[in-house]
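Everything on this sheet refers to the single structure shown next.
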Amino acid sequence: AQTVTQSQPEMSVQEAETVTLSCTYDTSENNYYLFWYKQPPSRQMILVIRQEAYKQQNATENRFSVNFQKAAKSFSLKISDSQLGDTAMYFCAFMKHGVEGNEKLTFGTGTRLTIIP
Amino acid sequence: NAGVTQTPKFRILKIGQSMTLQCTQDMNHNYMYWYRQDPGMGLKLIYYSVGAGITDKGEVPNGYNVSRSTTEDFPLRLELAAPSQTSVYFCASSYFQRGASTDTQYFGPGTRLTVL
């Protein structure tokens with residue numbers, strides 16, 4: 001079974017600064033996907049970024065980027081030029097690649113990020 | 001294109017009551033999922049469906065039932081509600097095509113359920 005660990009329950013950073021959220025996972029699979037989801041106070045789960053394990057290049061979406069270290073099983077999220085709207089819970093999630101596609105997301109326990117004005 | 005919609009947004013049940021949480025998606029996704037999120041925790045999979053007429057258990061299925069009579073709808077039924085089912089429930093959907101990269105799951109806004 002896969003496990004996802006987020007060791008930072010809470011973080012805070014000043015507006016416009018850069019912050020990195022940590023995530024490690026445990027799996028014996030070689031082909032899988034990793035995701036960061038954002039959950040603002042509205043509770044909506046919003047996809048921030050995804051990474052395919054077979055890709056060596058780190059994924060980037062505007063101010064969001066990841067540092068994917070496959071050998072270390074580490075998948076951190078970097079938020080640059082942080083904004084007040086980035087305040088939310090952030091969940092790291094793992095999904096192994098299956099032929100039938102019926103693979104499930106395994107979530108970490110989340111990191112509560114607060115951006116301070 | 002509304003995406004994934006869920007009703008109701010909030011509900012309070014008494015112990016032993018039953019209810020159905022509704023989930024509809026208009027993206028023509030073949031895969032649909034139900035998760036629950038307990039306070040301070042990540043989401044856990046309750047049930048999922050890979051197409052109309054096909055459902056399967058996830059990590060925490062006890063106390064729940066699902067059906068998938070159409071591609072769009074995936075209702076979650078709670079029979080004999082218990083306080084342990086107090087949680088936030090999320091429905092999600094994705095599109096899978098054999099041979100293609102796994103698609104992202106898109107989530108509904110959630111239903112907050114309290115059982116007293």
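Naming: A, B, ... by sequence-line order, numbering from 1 per chain.
No single ILVMFWY cluster, assembled from side-chain heavy atoms under 4.5 Å apart, contains both B/Tyr48 and B/Ile46. A/Tyr37 and A/Met89 fall within a single hydrophobic cluster, where Ile, Leu, Val, Met, Phe, Trp and Tyr are joined by side-chain heavy atoms under 4.5 Å apart, directly or via other members. Placement of A/Trp36 and A/Phe68 within a single hydrophobic cluster is found when ILVMFWY residues are connected by side-chain heavy-atom separations under 4.5 Å, directly or transitively.
The contact list for residues 70-80 of chain B toward chain A, using heavy atoms and a distance under 4.5 Å, is empty. Contact annotation for residues 109-116 of chain B against chain A (heavy-atom separation below 4.5 Å, listed by residue number): B/Pro109, B/Gly110, B/Thr111, B/Arg112. For residues 106-117 of chain A, heavy-atom neighbours of chain B at less than 4.5 Å comprise A/Phe107, A/Gly108, A/Thr109, sorted by residue number.
A donor-acceptor pair under 3.5 Å is formed between the side chain of A/Gln44 and the backbone N or O of B/Phe107.
For the atom pair CZ (A/Phe91) and CG (B/Leu43), the distance works out to 6.5 Å, reported to the nearest 0.5 Å. The distance from atom OH of B/Tyr106 to atom CE of A/Met45, rounded to the nearest 0.5 Å, is 13.5 Å. With rounding to the nearest 0.5 angstrom, the CD atom of B/Gln37 is 4.0 Å from the CD atom of A/Gln39.
Partners of A/Asp26 under the salt bridge (Lys or Arg N to Asp or Glu O under 4.0 Å) rule, at least two apart in sequence or in another chain, are A/Lys73.
Contact annotation for A/Ile46: neither backbone nor side-chain heavy atoms come within less than 4.5 Å of a heavy atom of chain B.
Of the listed residues (B/Met41, B/Gln105, B/Lys44, B/Glu59), the one with the most heavy-atom contacts under 4.5 Å to chain A is B/Gln105.
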